[in-house]
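Single-structure report; data block below.
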2 protein chains.
Amino acid sequence: MFELLNEVGIIAQLSRAMLESHLDEGLTVHHFTALNHLVRLGDGKTPMDMARAFQVPKTSMSHTLAGLEKRGFIQLVPNPADGRGKLVLLTDAGRELRERAIQSLTPQIAQMIPQFGLDEARSILPTLRKLRALLDGARDG
Amino acid sequence: MFELLNEVGIIAQLSRAMLESHLDEGLTVHHFTALNHLVRLGDGKTPMDMARAFQVPKTSMSHTLAGLEKRGFIQLVPNPADGRGKLVLLTDAGRELRERAIQSLTPQIAQMIPQFGLDEARSILPTLRKLRALLDGARDG
DNA sequence: CTTGATAAGTACGATATCGTACTATATGAT
DNA sequence: ATCATATAGTACGATATCGTACTTATCAAG
């Protein structure tokens, strides 16, 4: 089990480095990850939602979002349902940036496929999802 | 493929958070990861070896190792084979610290096993190893 | 033996991360 | 309605990360 998590950690580190090398200067992996999250799961989340999802302190998320807002990739608007809070909205520029980053990354990923095997990749996905769900639950259980 | 790496990234993030919650104050995940690397693969590596292995800048590794040395968990000695370099040696305290951290983490990991299934964990390990090797090679090729 | 190029580690400054303390709003009990 | 408690976000300071520039040592070529 430790072995498994260790291996996963190394893979994540290597793929993060790969992603980083495809991002324009001034844009960090955290920025991309936040944009990607919003595109995949839908925007209109609160900053706290995102901090919890990424397991980072709210001050860190606040900083990341401030950077994205300053560059026009997201918009922070007051939360109509909660006077204390805000909502994070994607801008077109934000969607485009995320799309461009993925496009830039694609050739390098695609290059790995013949050696790796899509079937094999697909076959382990359900297990990984289960593991993620389990870890996700373990933090409040 | 993106899906796979994304899932792996989330799992790594969650398990890192779990590990972090089991470390004494003042000790970071980076510290633990470095110690773990030395125990698993043997000490006597150079700082540069480790920086490359973790894909971090040498200045970052230098800082992490300085922290470990200050607390007595490793020892930095001149490299007899290279006057420019140093070698990283584990101390007994370092080995013990790593062992204690793992012991502290074990119950929480063990708790997941019944729900997850060891067979399933074992079955995806070879594929993950292959993926790691592929990513590892992709950075210079 | 010199010279030029490369590599290991350090110094230092810019930015990122994150804990603590704070403000403002929400929520629940009475 | 009032008050206690909890929550969203911000301010700020301490530490971490990492890029650039530098020092020192290696190594290949002549």
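Chain identifiers are assigned alphabetically (A, B, ...) following the order of the sequence lines, protein sequences preceding nucleic acid strands; residue numbering begins at 1 within each chain. The shown structure was predicted, so the numbers you read here are calculated from the model rather than taken from an experiment.
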If you look only at distance, which donor and acceptor atoms sit under 3.5 Å apart when one is on a side chain in residues 40-48 of chain B and the other is two or more places apart or in another chain?
from, atom 1, to, atom 2, distance (Å)
B:D43, OD2, B:L90, N, 2.9
B:T46, OG1, B:M48, N, 3.4
B:T46, OG1, B:D49, N, 3.0
B:T46, OG1, B:D49, OD2, 3.3

Report, one line per pair, each donor and acceptor closer than 3.5 Å where one atom sits in a side chain of residues 94-102 of chain A; sequence neighbours left out.
from, atom 1, to, atom 2, distance (Å)
A:R98, NE, A:N36, OD1, 2.8
A:R98, NH2, A:N36, OD1, 2.9
A:E99, OE2, A:Q103, NE2, 3.0

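Residues that satisfy the ring pair (Phe, Tyr, Trp, His ring centres under 6.0 Å) test with A:H30, not counting sequence neighbours, are absent from this structure. The side-chain contact (heavy atoms from CB on, under 4.5 Å) test applied to A:E69 returns A:I74, A:L76, not counting sequence neighbours. Not counting sequence neighbours, the partners of B:T59 by the side-chain contact (heavy atoms from CB on, under 4.5 Å) test are B:P57. Listed by chain and number, the residues in a side-chain contact (heavy atoms from CB on, under 4.5 Å) with A:R132 are A:R129, B:E7, B:I10, B:I11, B:L14 (sequence neighbours excluded).
Evaluation of the salt bridge (charged side-chain N to carboxylate O under 4.0 Å, His left out) test over residues 108-117 of chain A, restricted to residues two or more places apart or in two chains, returns none.
For the helix from C:dC1-D:dG30 to C:dT30-D:dA1, the rotation axes defined at the first and last 5 base pairs enclose an angle of 30°, given to the nearest 10°.
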Fill in the blank from the handout: Going 5' to 3' through nucleotides 4-19 of chain C and flagging B where a protein heavy-atom sits under 4.0 Å of the base, S where only the sugar-phosphate is that close, and - otherwise, we get ---BBBBB----SBBB
